[in-house]
Amino acid sequence: MSEERSLNFLEEIIEQDIAAGTHNGRVHTRFPPEPNGYLHIGHATSICLNFGLAKKYNGKCNLRFDDTNPTTEETEYVENIKNDIKWLGFQWDNEFYASDYFDKLYEFATLLISKGLAYVDDSTAEEIAATKGSTTTPGTNSPYRSRTIEENLHLFTEMRAGKYKDGEKTLRAKVDMAHPNLLLRDPLMYRIKHEHHHRTGNKWCIYPMYDFAHGQSDSIEEITHSICTLEFIHHRPLYNWFIEQLGIFPSRQYEFARRNLTYTVMSKRKLLQLVNEKHVTGWDDPRMPTISGMRRRGYPPEALRTFSDTIGIAKRENIVDIGMLEFCVREQLNKKANRVMAVLDPVRLIVTNYPEGVTEVFHAENNPEDQSAGTREVPFSRELWIEREDFMEEAPKKFFRLAPGNKVRLKNAYIVTCDGCVKDESGTITEIHCTYLPESKSGNDTSGLTVKGTIHWVSIQHAKTAEVRLYDRLFRVEDPSNEDGDFKDYINPDSVQTLPSVFIEPAMAKTMPGQSVQFMRKGYFCADTDSTPDRLIFNRTVTLKDAWAKEQKRN
RNA sequence: AGUUUGAUAGUGUAACGGUAGCACCCCAGACUCUGACUCUGUUAGUCUAGGUUCGAAUCCUAGUCAAACUACCA
């Protein structure tokens, strides 16, 4: 029995609308990315919101590319965005492009000119900025503001026909140059750009501005609830003004606070910089907060969805602890990922009373959380690799691993007693010796002993190797954008550590790219997209919680 | 400075005039063939000052702080 969750403010609005019979209770949202970059975790929240709301209220959600600026937009981005949305687990009802509406938008503009509500302005960008006024002073009217309707219609036709150069003329809405909201001081509707568009080619040389495209696109699609982030709140009066003056379907805009995450940056500009300046290997670098980066890192889509649900939605400034995301990732992977043994920092363990040349095969359960995951074969022999940190010559009381005289369980195998170690001239430990108890065999233990510690291992003779990349946070500080100086000064120099040759158990040889596993006691790892059976590569998705590490930190 | 938003444990989010709750984190313990998972318990909060009211996180007034806006980007 799950308790009824309280509604977020958007759900409240929608339920009120449904109760009031607005649009006959129909709910239709849209996700409107600009195809000029890759989607990141912030977009994921918006995707979950828009698609989630549509699903919850039996409505629809469109995917609409906001492609009104040919300078920055590319088809490559379109494909990646679609891929990311699908991977997150959502399917749009319609795939649209703002550029689909260029003809309609042109008609709308002509209509506004005819109503005396728009005019062609010859002012330069500088002149427009100069006459805009400020927050405390009103702007002044453009000298071209009083052109006749006929003249405006004629000039606008010429603009479209390509008679003018970039920036020579613009189409502006005639609203109010003294309006306290700067956005309503005769905003630009169209600008001239003699550029090739990724979909309309060279058909147009004038392109609508965001404000003259977004609301009308919503309206054309009869979007009922147009959900966007807080910075568009100032645009809402303009959004409504165009819809009202045009007399078209009254879509309504609602704003929520974008989600920020600790230890990362989210702006497209900054992410692009990280890519271009090679601080990361690409948009899908596992350290990036992009959806493609998180996918490559091994974050499951379910985790991103539950994260989005868990953090909720509101209108206040926020910065969510990345630990919350990592919790959702672990929660999901704990249920799904098979357990395997891998030794990252090896040291040799010799079971001195185990016969030489003998191999014993154990059947290990793949996932204690999921019996249906089955078992796998794990070979055991006299010489094993174990984790260097699992042995201490002089151990504190609370150390439950190998130390002279201590007993531990070798996971899935036997209980062993540590007898000591061998060192080289420099004092480095080269071998650890132990003796095993034959009657403590896993699954058939008659020894009656219980031990405090269990460690993982890999048989030296049977071990395979893999490259392992240990990822950490990309930045050293919680909010790099909010620190003095350049955000790049705060990049974590140790955000990735590559271990070229880690020992893994043979059952892992067939791990497929994208597959997640748990390296027991070490963390969740995901086979990289570049991983092949001949050259296995694993990315650390997230560590396991480590109470022992915490304990040590305290001392 | 103007406009607009907003302010609840460390973080995120509820409570819609009637017991300030949930999740993450932290801490203590139980369990454990992963020091994982799971389970139990605990710490900790209404920006400030007035007012209305039997009763205020919630309503009113004033203040404080924060963010966004001031692109021929979206």
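In what follows, every chain begins at residue 1, and chains take the letters A, B, ... in the order their sequences are listed.
- The distance between atom CZ of Phe212(A) and atom C1' of rA71(B), rounded to the nearest whole Å, is 19 Å.
- Comparing the P positions of rA14(B) and rG51(B) gives a spacing of 31 Å, expressed to the nearest Å.
- Spacing between atom CZ of Phe256(A) and atom C1' of rU5(B) amounts to 15 Å, rounded to whole angstrom units.
- The residue among Ala547(A) and Glu317(A) whose nearest nucleotide of RNA chain B is located toward the 5' end is Ala547(A).
- Considering only side-chain atoms of Arg409(A), the nucleotide from rG35(B), rU13(B), rC33(B) that sits closest is rC33(B).
- Between Lys132(A) and Asp186(A) there is no salt bridge, since no side-chain nitrogen of the basic residue lies less than 4.0 Å from a carboxylate oxygen of the acidic one.
- Among the protein residues, Gly453(A) comes within range of no part of the nucleic acid, since none of its heavy atoms lies under 4.0 Å from any strand.
- Counting only heavy atoms from C-beta on, Leu544(A) has its side chain closest to rA36(B) among rA74(B), rU70(B), rA36(B).
- Between rC39(B) and rC31(B), the two C1' atoms lie 8 Å apart (nearest whole Å).
- Checked against rC69(B), rA1(B), rU5(B), the side chain of His234(A) finds its nearest nucleotide in rC69(B).
- Side-chain contact check for Tyr239(A) and Gln216(A): no donor-acceptor pair (N or O, by modelled atom type) lies under 3.5 Å.
- Under 4.0 angstrom from either OP1 or OP2 of rC26(B) there lies at least one side-chain N or O belonging to Lys550(A).
- Among the protein residues, Ser447(A) comes within range of no part of the nucleic acid, since none of its heavy atoms lies under 4.0 Å from any strand.
- The distance from atom CE of Met324(A) to atom P of rA9(B) is 13 Å, rounded to the nearest whole Å.
- The side chain of Thr68(A) places an N or O atom within less than 4.0 Å of a non-bridging phosphate oxygen (OP1 or OP2) of rA74(B).
- By the 4.0 Å N-to-carboxylate-O rule, Glu365(A) lies too far from Arg376(A) to be salt-bridged with it.
- Looking at heavy-atom distances under 4.0 Å, Asp66(A) makes contact with sugar-phosphate atoms alone, never a base.
- You'll find a donor-acceptor pair under 3.5 Å spanning the side chain of Arg401(A) and the base of rG35(B), going by distance alone.
- When rounded to the nearest whole Å, the span between NZ of Lys336(A) and P of rC37(B) equals 18 Å.
- Of the side-chain N and O atoms in Arg316(A), one or more sit less than 4.0 angstrom from OP1 or OP2 of rU13(B).
- A cation-pi arrangement is absent between Arg401(A) and Phe391(A), since the terminal nitrogen or guanidinium carbon is not both under 6.0 Å from the aromatic centre and inside a 45° cone about the axis.
- Using a 4.0 Å heavy-atom criterion, one finds that Ala314(A) contacts the sugar-phosphate atoms exclusively.
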Can you give the dot-bracket line for RNA chain B, where a pair is Watson-Crick or G-U wobble with both atom distances under 3.5 Å, crossing pairs use [ ], and | marks a partner on another strand? .((((((..((((....[..))))..((((.......)))).....(((((..]....))))))))))).....
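- Geometrically, Arg64(A) does not engage Phe96(A) in a cation-pi contact defined by less than 6.0 Å to the ring centre and at most 45° from the axis.
- Atom CG of Leu183(A) and atom P of rC72(B) are 11 Å apart (whole Å).
- Note: NZ (Lys545(A)) to C1' (rU38(B)) measures 11 Å, nearest angstrom.
- Electrostatic pairing of Asp211(A) and Arg236(A) does not count as a salt bridge here, judged by no charged N lying under 4.0 Å from a carboxylate O.
- Taking every side-chain heavy atom of Thr136(A) into account, rA1(B) is the closest of rA1(B), rU34(B), rA74(B).
- Regarding Glu34(A), its CD atom lies at a distance of 5 Å from the C1' atom of rA74(B), rounded to whole Å.
- Judged by distance alone, the side chain of Asn412(A) and the main-chain N or O of Leu410(A) form no donor-acceptor pair under 3.5 Å.
- A cation-pi contact, defined as under 6.0 Å to the ring centre and within 45° of the axis, links Lys169(A) to Tyr164(A).
- Backbone-only contact: Ile311(A) has heavy atoms under 4.0 Å from sugar-phosphate atoms and none from a base.
- Both the sub-6.0 Å distance and the 45° axial angle are satisfied by Lys270(A) relative to the ring of Phe487(A).
- The nucleotide whose nearest atom lies closest to any side-chain atom of Glu369(A) is, among rA36(B), rG12(B), rA74(B), rA36(B).
- Rounded to a whole Å, the CG atom of Leu188(A) is 12 Å from the C1' atom of rC73(B).
- Closest to the side chain of Ser442(A), out of rC73(B), rA36(B), rC33(B), is rC33(B).
- Within 4.0 Å of Arg339(A), counting heavy atoms only, lies at least one base atom of the nucleic acid.
- Note on Pro32(A): nothing from the nucleic acid sits closer than 4.0 angstrom, heavy atoms only.
- Counting any heavy atom pair closer than 4.0 Å across all strands shown, Asn36(A) reaches no nucleic acid atom.
- Taking a centre distance below 5.5 Å and an interplanar angle below 30 degrees as the stacking criterion, Trp548(A) stacks against the six-membered base ring of rG35(B).
- Relative to the side chain of Lys411(A), the nucleotides rU34(B), rU5(B), rU32(B) differ in distance, and rU34(B) lies closest.
- Comparing atom distances between the Met209(A) side chain and each of rA36(B), rC73(B), rU70(B) picks out rC73(B) as nearest.
- Counting non-hydrogen atoms under 4.0 angstrom, Phe400(A) reaches a base of the nucleic acid.
- Arg191(A) has a side-chain polar atom (N or O) that falls below the 4.0 Å cut-off from OP1 or OP2 of rC73(B).
- Heavy atoms of Phe232(A) sit under 4.0 angstrom from at least one base atom.
- A donor-acceptor contact closer than 3.5 angstrom is absent between the side chains of His179(A) and Arg185(A).
- Side-chain proximity of Lys315(A) to rG35(B), rC37(B), rG6(B): nearest is rG6(B).
- Of the residues near RNA chain B, Glu168(A) and Asp321(A), the one whose nearest nucleotide (by heavy atom distance) lies more toward the 5' end is Asp321(A).
- Checking rU13(B), rG12(B), rU34(B) against the side-chain heavy atoms of Arg521(A) singles out rU34(B) as nearest.
- The same atom, P, is picked in rA30(B) and in rG45(B); the two are 28 Å apart, to the nearest Å.
- Under the 3.5 Å distance criterion, with hydrogens and angles disregarded, no donor-acceptor pair is assigned to the side chains of Asp66(A) and Tyr97(A).
- Taking the C1' atoms as reference points, rA44(B) lies 15 Å from rA28(B), given to the whole Å.
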